[in-house]
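Structure first, commentary second.
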Amino acid sequence: MMLPDAPIPEKGFFVTHFLTVNDQARSREFYSGVLGGKIIFEENPCIIKLANSWIILNSGGGPTPDKPDVILETPPDPNRLNSFLNLRVADIQACYKEWKGKGAHFITEPLDNHGREMRCYMRDPDGYIIEVGQTSQKMIDILENRG
């Protein structure tokens, strides 16, 4: 493991996102090959530095001593989710074109969301959705004036 890129804080904490996946190699290729993440550790778990955060990918499984009543599994219905990644980008059209060209499956092209952002959603190999959004100048102005 390359420690300078690993999510190992010297103080405080980092936020990482854990995803239960069916096939670590397939998911690793998506997050590194399509989204440009840097593979820090190959598998069990796979750790990928993705921009300023990390994605941790691992297979599902039954309860463990530290989570005795929890079973990890991929979403049984990819259209019923309660959380998703949200990637904030500087140029949504460029990301859409690049990632689609690398095989990403987008649900729609980038669409206007009430003038506050452009956004679209894609799916990873296990059906998780990922929001891709670009904040509009209108929203930047609103946030700046909240004082």
Side-chain angles (χ1 to χ4, degrees), residues 1-9 12-62 64 67 70-147:
M1 182 179 291
M2 298 177 290
L3 290 179
D5 290 323
I8 303 171
F13 63 90
F14 289 126
V15 174
T16 65
H17 194 75
F18 181 98
L19 293 172
T20 302
V21 299
N22 285 322
D23 182 334
Q24 289 183 52
R26 182 183 68 179
S27 294
R28 181 177 62 238
E29 175 55 32
F30 175 81
Y31 286 98
S32 65
V34 174
L35 298 183
K38 181 177 183 179
I39 299 168
I40 306 303
F41 198 73
E42 289 284 326
E43 63 182 56
N44 299 322
C46 175
I47 302 172
I48 297 176
K49 188 170 194 327
L50 189 61
N52 60 347
S53 189
W54 293 267
I55 301 291
I56 299 174
L57 310 169
N58 211 350
S59 304
T64 58
K67 49 182 178 33
V70 177
I71 296 172
L72 297 177
E73 60 186 13
T74 57
D77 180 349
N79 292 319
R80 297 180 62 95
L81 301 173
N82 64 8
S83 106
F84 54 86
L85 291 177
N86 186 316
L87 305 180
R88 307 309 298 171
V89 299
D91 184 341
I92 194 168
Q93 295 297 338
C95 289
Y96 176 79
K97 182 178 177 182
E98 176 186 346
W99 296 341
K100 188 172 178 125
K102 292 180 177 178
H105 170 67
F106 282 88
I107 297 171
T108 67
E109 71 275 353
L111 300 173
D112 180 83
N113 183 30
H114 307 289
R116 294 183 177 198
E117 67 177 347
M118 293 293 293
R119 73 179 185 201
C120 56
Y121 293 86
M122 66 176 145
R123 290 197 185 274
D124 84 351
D126 287 287
Y128 291 105
I129 64 169
I130 301 169
E131 178 180 316
V132 180
Q134 178 181 346
T135 305
S136 69
Q137 187 60 51
K138 176 181 175 180
M139 187 63 182
I140 292 169
D141 294 342
I142 290 169
L143 293 171
E144 285 178 336
N145 291 321
R146 292 193 68 156

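Note that this is a predicted model, so its numbers are computed, not measured.
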Shortest non-hydrogen contact between Ser53 and Val15, atoms and distance: OG-O, 3.1 Å
Evaluate the side-chain contact (heavy atoms from CB on, under 4.5 Å) criterion for residues Ser83 and His17: first the C-alpha distance (whole Å), next the side-chain angles of each, then the deciding distance (0.1 Å), finally the verdict. CA-CA 11 Å; Ser83 106; His17 194 75; 4.3 Å; yes
Heavy-atom nearest pair, Thr108 first then Tyr96, reads O-CE1, 3.8 Å
Test your reading of the model: is there a side-chain donor-acceptor pair from Glu117 to the backbone of Gln134, 3.5 Å cut-off? no
What's the separation between atom CE in Met118 and atom CD in Glu109, rounded to the nearest 0.5 Å? 8.5 Å
For atom CG of Asp77, is the number of surrounding heavy atoms from other residues, nucleotides or ligands below 6.0 Å larger than 12? yes
What closest approach, in Å, do Gly62 and Lys67 show between heavy atoms, and which atom pair accounts for it? O-NZ, 4.2 Å
Indicate whether any N or O donor in one side chain lies under 3.5 Å from an N or O acceptor in the other, for Asp126 and Ser27. yes
A side-chain contact here means heavy atoms from C-beta on lying under 4.5 Å apart; do Val89 and Trp99 qualify? yes
To the nearest 0.5 Å, atom CD of Glu73 lies from atom CG of Asn22 at 9.5 Å
Of the non-hydrogen atoms in Met122 and Ala104, which two are nearest, and what is the gap between them? SD-CB, 3.8 Å
CZ on Phe84 to CD1 on Ile130, rounded to 0.5 Å: 11.0 Å
Begin from the C-alpha positions of Glu98 and Cys95 and carry the test side-chain contact (heavy atoms from CB on, under 4.5 Å) through to its verdict. CA-CA 5 Å; Glu98 176 186 346; Cys95 289; 5.7 Å; no
Using 4.0 Å as the upper bound for N to carboxylate O, is an ion pair formed by Glu131 and Arg88? yes
Residue that, paired with Phe30, satisfies side chain to side chain contact (heavy atoms under 4.5 Å, CB included) out of Asp124, Ile55, Asp23, Leu57: Asp124
Can you tell me how the ring of Phe14 sits relative to the ring of Trp54, calling it parallel under 30°, perpendicular over 60° and tilted otherwise? tilted
Identify the two heavy atoms, one from Phe18 and one from Leu72, that lie closest to each other, and give their separation to 0.1 Å. CE2-CD1, 3.9 Å
What is the distance from atom CZ of Arg119 to atom OG1 of Thr135, rounded to the nearest 0.5 Å? 11.5 Å
I'd like to know if the side chain of Thr20 reaches the main chain of Gly60, judged simply by a donor and an acceptor atom lying under 3.5 Å from each other, with no hydrogens or angles considered. no
Residue Lys102 excluded, over 12 heavy atoms near NZ under 6.0 Å: yes
Minimum heavy-atom separation for Ser136 and Gly115, please, with both atom names. OG-O, 2.6 Å
Arg123 atom CZ, neighbour heavy-atom count above 12 within 6.0 Å: yes
Between the SG atom in Cys120 and the CG atom in Asn113, the distance rounded to the nearest 0.5 Å is 11.5 Å
Could you go through residues 39-51 and list every donor-acceptor pair under 3.5 Å that involves a side-chain atom there, pairing it with any protein atom two or more places apart or in another chain?
from: Glu42; atom 1: OE1; to: Arg28; atom 2: NE; distance (Å): 3.4
from: Asn44; atom 1: OD1; to: Gln24; atom 2: NE2; distance (Å): 2.8
from: Lys49; atom 1: NZ; to: Ala51; atom 2: O; distance (Å): 3.2

